[in-house]
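Notes follow the structure.
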Amino acid sequence: MKWEFGELHRSIFNKKMSIGMMISFVSLCYGSKDIMRFQTIGFLDTFIFSQTDSTTAIIALLFPIIAVLPVGTMYRSERQNGYYSLVRSKMSRMRYCRIKLVNAFLAGALVIGVPNFLFLIICFWVKRGMVGAESHIAVSFLSMLYFNKPMLYGMLLTGNAALCGGIFSLLELGVSAWIKNKYVAVIVPFGYYIFSAMVLFYISPWMNAIILFALNQYAEENIVIIIIYDLFLTVGGIFLFIAGTYYEDFTV
């Protein structure tokens, strides 16, 4: 148990986590730069603009890269420097995989979720809690919650952003078990994100991974599709990592 907490500490309390959170927060600030000064726009609309609904909402584009920063190269580095062999001599392969998967998800969720939560609070404080007389954006998902419980709606979007970060961190971990160049492995989830928007979108709009982050833009009846997509990427990341770890152990 002590080793598990040590690994969690190593995954979360590191310089890359701090850099990732800083990039996330700056991205949100940049996303709101054209809207924050308008006094007629409430705190929730300002927050949503900063996430997804403005031309400067770059966190919607960058989060797959930011999410993998804390632990993105850690697994491959452990393989290369012998740390993996040392750890494996003390525990089962499945236990090791479980710990790495949990840590990767938590790190990816925190590096995206914490800055989003802080920025939501800042928007609330700057706008003095003002909701606004009417919506300035298109809200299709749980619109009644948006109007009646704006802070709760903001928390929902924050939680979804954290979930997306955790999922893409898991996906990168799975890829890193197969691609030995750790820097290429870090880019692959972002590459898939862009590929889904530029190519898969034309096969089906629901194959565009951007729908996972821009939750407010989709109606409630489409939430099942989004959940399935989340599960597909989550299970894919888990499967790739476990299968890749076993494969490399038995072939190297």
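Sequential numbering from 1 along the given sequence is applied to the chain's residues.
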Practice task
For Phe25, look at atom CZ and say whether over 12 heavy atoms of other residues, nucleotides or ligands are found less than 6.0 Å away.
Solution key: yes

Problem - Ring centres under 6.0 angstrom apart (Phe147, Tyr153) - result: no

Handout entry: Donor-acceptor pair between Lys182 and Ser77 side chains, under 3.5 angstrom
Key = yes

Problem - Residue pair Thr73 / Lys16, side-chain heavy-atom distance below 4.5 Å - result: yes

Exercise for the section: For Tyr246, look at atom OH and say whether over 12 heavy atoms of other residues, nucleotides or ligands are found less than 6.0 Å away. Expected result: yes

Exercise for the section: Using side-chain contact (heavy atoms from CB on, under 4.5 Å) as the criterion, point out the one residue from Ile226, Asn160, Leu215 that pairs with Phe141. Expected result: Leu215

Handout entry: Sub-6.0 Å ring centroid separation between Phe201 and Trp206
Key = no

Exercise for the section: Indicate whether the side chain of Tyr75 and that of Gln80 have a donor and an acceptor atom separated by less than 3.5 Å. Expected result: no

Handout entry: Backbone of Met144 reached by a side-chain donor or acceptor of Asn148 within 3.5 Å
Key = yes

Problem - Donor-acceptor pair, side chain of Thr245 and main chain of Phe241, under 3.5 angstrom - result: yes

Handout entry: Exam field: side chain Thr56 to backbone Tyr30, donor-acceptor pair closer than 3.5 Å
Key = yes

Problem - hydrophobic_cluster_shared for Val68 and Ile179, side chain cutoff 4.5 Å - result: no

Practice task
Would you check if the side chain of Ser32 reaches a backbone N or O of Ser50 as a donor-acceptor pair within less than 3.5 Å?
Solution key: no

Handout entry: Thr234 (side chain) donor-acceptor with Ile167 (main chain) under 3.5 angstrom
Key = no

Practice task
Please confirm whether the backbone N or O of Ala185 pairs with a side-chain atom of Ser176, one donor and one acceptor, at under 3.5 Å?
Solution key: no

Handout entry: Output field: ring centroids Phe168/Tyr192 closer than 6.0 Å
Key = no

